Amino acid sequence: MLASSPLNSSPTINGSPAGQFSLNNPITSAKFLSKHDREALLQYTKHFTRKAVQIIVQSRLGDKKPTKSRVYAHNTDWFNLSIKDLAQITNMTKLSLGNVESLFNSSPFCIEISLRTPENQTMILETWCILFNDQLVDASQKVCFSVYKKMSLVLRSLMCLTRSLPTYQLSRRQNSDTYVLLYRMYCGEPIVHHLGENYATAKVGTVGTPIGSIIVNVAYRTRLTMTPQNSQNSAEYCGIQIKDDHFTPNQLRSESPALTKKQSAAISISPSSPPYSDKSPRSFSDQNSLCKRSTSNLNTICETNLSKNTPKTQPIPMRSDSEGNNMQLKKYRDPDESSADEYNSSSIGSTPDTIYYFKLKSAAFVPSTSFNNNYFSSSFSNLSENDLPPFITLLSNDFGNMSTSDAKNAENFLAQSPPPPNNLVEYQQQKIIPNRHLKMLNNEEHLASPCSLPNFKMLEYHNNNFNEAKSVLNQATDDFVFIESKKVAFGLSDAADDLRTFYKACENAPILDSFQSEPSFSEVLKDLDQQLFNYESKVAEFDDLIKSFEN
Amino acid sequence: MNARTQLFEFSCESRHVPEIVSTIFHTILIHRTAGKHTPKVDSPNAYTIGSVGFCDLDCDFLDYTYVQINSNELAQQVNQEIIAFSEGLKAAECNKISLEFYTKKKRSWPLNFQSENIPWEIWTIKIELMQLSNENERQVLREKLSDMLGEKVRQIIEIMDKPDYTPKLQNQSQLDTIYESEFKDIQPYLFRIYYSLDGTVNQVSVGTTMKRMIKDALSFG
């Protein structure tokens, strides 16, 4: 950038005015300008430039410093404005500007405001420019009054404009732990290409003079994001470097290989991010100015930390690029990523919202598809054999509505699957009639919980016309399917029938006598009165009984 | 001579009104205030001019900080008018507030009329009150108003940069006809703040125009 400065080719001119200046300098070539006006204009321009720099830089310090209105102005209150002169800024301005006549020699004077993070990531935010245009001549303006008054007006406008730009809010929240603002001054054409895309410009004001106009304007960044692409667009100054493993979670930084820098994800500076380690040789606690003196030209480029006297507040997190967020989320959305199980919410850019639930692997009696599938209403033919829980085919209604041939196929299927289904036929021949009528819930009710699948109690008992095979299967739609095995583990050789016998006995238990005899209504009433009389006479015994339970 | 007029329109909630009006008016007053003029004893037409100080004020309901002249008297006078306007706005008695810069024109004998105020610049802010239902809308409005304020300030700066008419002080006797001398540490142009309801009669009528023409004709005598 310094190479583009015109002063690289010609040395700075120091010393008194008159004979040492270039003949093309407007301020010296203007014959209609008196010596007094010429000197006054130089003086005004010098102080105007210094005051402008003070206003710009002080507005980016991050604090509020009011100045008092005075009835009698001080010697430093140029243009009738009470603006404090910070010595450091004044010295830097003197060194950078040099002789003010250079401003009239078509060499603009620029002030650059940039942002730097503790990891030495920089971003240019604004470029203020004070330039002289010898084409815009206003002969009606008197140097000693009109120009002075207009300079005062432009400085007031500058003060208002500095607060209206987005950088001001950033400066109020700068912190040595997050980011600080720096300023740089140079002579030459303003550098604006590192302000990002769609940067905006604003004109502060124009001071018309008999020999030309002094114009103050600003170009400022509108997109406050830090991307690695900035380093590709800018030359050498704005180099944003990120760590290779910047976008990987902490746990994976030692495992996964380094990410390429081509990822166009934005860096989100948030308080939750891990603290930066200040590896920069420049300490942010150092309040002294840091100057680099270039040997190629006589101008001094100074980078000065503006974080002095800044209150420690939470910084404004920069808006992260939506594409970058998607790229980060995409990385963790891939179910094949083994890192999914190791996802850590403390990773940069991660929030609880970015945690995605992956597909559940197939487990026993749990479907592997989405939970919203209507498991009962859908045909089982849509599911593969591996997706069905064991023996579910024995309980399916659809399966019960199948044709005879299908039922025979089902029998064959059952025959192939352990245990052998031959005993089901015997089960049917004993005419075990289920004495419970179970209703199937609505399809919607089935969706309550996937863990309820399969719930054998939810199946319906049909009274449709089934063939023999179907009736077997429907009768088997009881609390459970009784499948006998001829071979019983650790049992005797004839123990196979014991369980079946026991079950049959339980199924065919005799009805209680109290349920067999049904007394008449009048007998019930008589008996009821007697019962009530007995209970009321023995109230004390009942109370003692209850007290014995409490003890 | 007709006064320059500029209108700014905002749609906001009632709590935003004082900050919006303060930002606009104080930004204008910064450009329309000079240092305190103190006449020199030894020279009748010479005076010393003081310096103007500044201070930053943070808005509570907007993400904006505006600059105003560091003068308690000026701030108090402007704030009183803004508060009265806010109350009138809530009561639907007014919806526009104007900052008018004027010059005084004295009358001579025999028609010793009172001095007439001739405006040369009028800045008007028209407010439309909104009622929002949730905080999301308020946050969106906050951001929108903050950006809009910045745009309006830049617009004011652009207008101030134009070489338009501003009263010039020819001699010391004209000081009070151009500048406000009540403030002890600053010297703004003569200004007044008034508010009105959109649609009410606050315009120059034919009768007042004829009256002014007659006065001007007689004043030449």
Side-chain angles (χ1 to χ4, degrees), chain A residues 55 58-59 63-84 138 140-141 145-146 148-150 152-166 168-169 171-173 200-208 213 215-218 220 222 316, chain B residues 23-24 26-38 47-59 62-75 143 146-163 166 168-169 183-188:
Chain A
I55 291 173
Q58 288 183 25
S59 69
D63 53 357
K64 299 188 294 184
K65 289 184 177 178
T67 55
K68 293 183 180 179
S69 300
R70 302 190 185 99
V71 178
Y72 297 99
H74 287 183
N75 294 332
T76 57
D77 292 343
W78 277 86
F79 311 104
N80 302 111
L81 300 176
S82 180
I83 299 172
K84 188 177 179 182
D138 190 355
S140 63
Q141 298 295 319
F145 179 74
S146 303
Y148 188 87
K149 191 177 179 182
K150 190 60 190 294
S152 175
L153 200 68
V154 172
L155 290 175
R156 296 162 196 245
S157 298
L158 183 63
M159 187 161 292
C160 296
L161 186 64
T162 52
R163 274 70 174 172
S164 71
L165 299 182
Y168 180 78
Q169 296 295 330
S171 68
R172 292 291 301 272
R173 291 167 174 82
T201 58
K203 184 181 175 184
V204 182
T206 305
V207 180
S213 294
I215 302 170
V216 183
N217 52 32
V218 62
Y220 58 97
T222 57
I316 299 176
Chain B
T23 301
I24 299 296
H26 283 292
T27 300
I28 295 168
L29 285 169
I30 283 177
H31 295 83
R32 294 289 183 248
T33 301
K36 184 67 178 178
H37 286 57
T38 304
Y47 38 81
T48 59
I49 303 177
S51 61
V52 177
F54 305 94
C55 60
D56 295 312
L57 269 83
D58 297 327
C59 295
L62 298 171
D63 299 326
Y64 196 82
T65 300
Y66 64 92
V67 189
Q68 74 173 30
I69 291 176
N70 195 357
S71 171
N72 294 331
E73 294 171 315
L74 178 66
E143 294 176 2
S146 302
D147 294 338
M148 194 181 296
L149 261 185
E151 292 177 9
K152 298 303 180 188
V153 167
R154 289 190 285 274
Q155 190 176 348
I156 292 171
I157 291 170
E158 188 177 342
I159 294 171
M160 294 295 182
D161 190 44
K162 293 179 182 177
T166 53
K168 299 292 187 296
L169 187 64
F183 303 106
K184 61 180 180 182
D185 49 1
I186 55 173
Q187 198 96 38

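Heavy-atom basis, side chains included; hydrogens, waters and symmetry copies ignored. Below, chain A is the first sequence line, B the second, and so on; all start at residue 1. In this text the structure is predicted, and so the values were computed from the model without any measurement.
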| task | Tell me, with the steps shown, if A:Lys64 and B:Cys55 meet side-chain contact (heavy atoms from CB on, under 4.5 Å). | result | CA-CA 7 Å; A:Lys64 299 188 294 184; B:Cys55 60; over 6 Å; no
| said: Is A:Lys149 close to chain B through its backbone or its side chain, or both, or neither, when contacts mean heavy atoms under 4.5 Å? | reply: side chain
| request: Check the side chains of A:Asp77 and B:Ser51 for a donor-acceptor pair under 3.5 angstrom, ignoring hydrogens and angles. | output: yes
| message | Any non-hydrogen side-chain atom of A:Leu153 less than 4.5 Å from a side-chain atom of B:His31? | response | yes
| task | Report the C-alpha separation of A:Ser157 and B:Asp161 in whole Å, then their side-chain angles, then the decisive distance to 0.1 Å, and conclude whether the side-chain contact (heavy atoms from CB on, under 4.5 Å) test is met. | result | CA-CA 9 Å; A:Ser157 298; B:Asp161 190 44; over 6 Å; no
| task | Check whether B:Ile30 gets within reach of chain A through its side chain, its backbone, both or neither, counting any heavy atom under 4.5 Å. | result | both
| note | Answer key: most heavy-atom pairs under 4.5 Å with chain B among A:Ser82, A:Ser164, A:Ser69 is A:Ser69
| message | Test your reading of the model: is there a side-chain donor-acceptor pair from B:Asn70 to the backbone of A:Thr67, 3.5 Å cut-off? | response | yes
| request: Please round to the nearest 0.5 Å and tell me the distance separating atom CZ of A:Arg156 and atom OG1 of B:Thr33. | output: 7.0 Å
| B:His37 NE2 to A:Asn80 CG distance, which is reported to the nearest 0.5 Å | 8.0 Å
| message | Just to verify, which of A:Lys65, A:Arg163, A:Met159, A:Arg172 counts as forming a side-chain contact (heavy atoms from CB on, under 4.5 Å) with B:Asp56? | response | A:Arg163
| Under 4.5 Å from a heavy atom of chain A, the part of B:Ile69 involved | side chain
| task | Would you mind checking which part of B:Thr65 comes under 4.5 Å of any heavy atom in chain A, side chain (CB onward), backbone (N, CA, C, O), both or neither? | result | both
| task | Heavy-atom distances under 4.5 Å only: say whether B:Lys162 touches chain A with side chain, backbone, both or neither. | result | neither
| message | Please report the interatomic distance NZ(B:Lys168) to OG(A:Ser146), rounded to the nearest 0.5 Å. | response | 7.5 Å
| query | What part of B:Val67 gets closer than 4.5 Å to chain A, counting heavy atoms only: side chain, backbone, both or neither? | reply | side chain
| query | Yes or no on side-chain contact (heavy atoms from CB on, under 4.5 Å) for B:Arg154 and A:Leu165, after CA distance, side-chain angles and deciding distance? | reply | CA-CA 9 Å; B:Arg154 289 190 285 274; A:Leu165 299 182; 3.8 Å; yes
| query | Checking A:Val207 against chain B: side chain, backbone, both or neither under 4.5 Å from a heavy atom? | reply | neither
| note | Ranking B:Thr27, B:Thr48, B:Asp58 by heavy-atom pairs under 4.5 Å to chain A gives rank one to B:Asp58
